[in-house]
Amino acid sequence: VQLQASGGGLVQPGGSLRLSCAASGSIFSINHMSWFRQAPGKQRELVAATTSDGSTNYVNSVKGRFTISRDNAKNTVYLQMNSLKPEDTAVYFCYVGFTTSPRSTTVYSYWGQGTQVTVSS
């Protein structure tokens with residue numbers, strides 16, 4: 001299984017970016033899809049998550065600015081980030097859990113490679 005993250009970059013405060021993370025390989029169904037971020041000198045934190053029933057949750061600091069969504073047909077999760085602030089600067093990681101067989105409920109979870117988001121004027 002591979003997770004390919006993309007969409008990071010340099011943006012001015014108030015700008016927008018859209019991150020994507022596509023999962024490929026032996027995937028039967030996606031269980032959970034999340035985005036984490038890690039700023040220099042800080043611990044990795046959960047930014048947003050979505051589960052198979054469509055429920056979502058966000059860290060308080062991004063509520064109203066970020067939106068997580070998923071395309072099940074493409075095994076892809078997105079993070080739309082609006083009104084970006086310098087404190088959003090971090091490496092963003094996707095984290096995806098999935099099953100590999102209709103006969104198994106075991107969820108395998110993988111991290112994608114990070115994508116750098118820098119918010120600066």
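Quantities reported herein were computed from a predicted structural model and do not represent experimental measurements.
Hydrophobic clustering (ILVMFWY, side-chain heavy atoms < 4.5 Å, transitive): Val59 and Val91 are in distinct clusters. Note: the hydrophobic cluster containing Ile27 also contains Tyr110 (ILVMFWY, side chain heavy atoms under 4.5 Å, direct or indirect links). There is no path of hydrophobic side-chain contacts, each under 4.5 Å, that joins Met81 to Tyr78. Put simply, Tyr108 and Met33 are part of the same group of oily side chains (I, L, V, M, F, W, Y) that touch within less than 4.5 Å, one to the next.
Of the candidates Val119, Leu84, Thr115, Leu79, Leu84 is the only one forming a side-chain contact (heavy atoms from CB on, under 4.5 Å) with Leu17.
Contact detail for Gly15 and Val11: the closest heavy-atom pair is CA-CG2, 3.7 Å. Across every non-hydrogen atom of Ala23 and Leu3, the tightest pair is CB-CD2, 3.3 Å. Ala5 and Trp35 get closest at one heavy-atom pair: CB-CH2, 4.5 Å. Residues Val96 and Cys21 approach most closely at CG2-SG, 4.4 Å, considering heavy atoms. In this structure, Ser101 and Phe28 approach most closely via the heavy-atom pair N-CB, 3.5 Å.
Within the structure, salt bridge (Lys or Arg N to Asp or Glu O under 4.0 Å) pairs that include any residue of residues 85-110 comprise Arg37-Asp88, Arg65-Asp88 (at least two apart or interchain).
Taking the six-membered ring for Trp and thresholds of 30 and 60 degrees, Phe66 and Tyr92 have ring planes inclined between 30 and 60 degrees apart. In this pair, Tyr95 and Phe36 present their aromatic rings perpendicular. The plane angle is above 60°, beyond the 30 to 60° band.
We find the CG-OG1 distance between Asn31 and Thr51 to be 8.0 Å, quoted to the nearest 0.5 Å.
In this structure the side chain of Ser104 never reaches within 4.5 angstrom of the side chain of Thr99, judged on heavy atoms. With a 4.5 Å cut-off on side-chain heavy atoms, Gln80 and Ser16 count as touching. Using a 4.5 Å heavy-atom cutoff, the side chains of Ile68 and Arg70 are not in contact. Between Leu10 and Ser120 the shortest side-chain heavy-atom distance falls below 4.5 Å. At least one side-chain heavy atom of Phe98 sits less than 4.5 Å from a side-chain heavy atom of Ile30. Within the 4.5 Å cutoff, the side chain of Leu46 has heavy atoms near those of the Ser34 side chain. Put simply, the side chain of Thr67 reaches to within 4.5 Å of the side chain of Tyr58, judged on heavy atoms.
Inspection of the Gln116 and Thr118 side chains reveals an N or O donor paired with an N or O acceptor under 3.5 Å.
A donor-acceptor pair under 3.5 Å is formed between the side chain of Thr50 and the backbone N or O of Ser55. In this structure, the side chain of Gln2 does not engage the main chain of Gly25 through any donor-acceptor pair within 3.5 Å.
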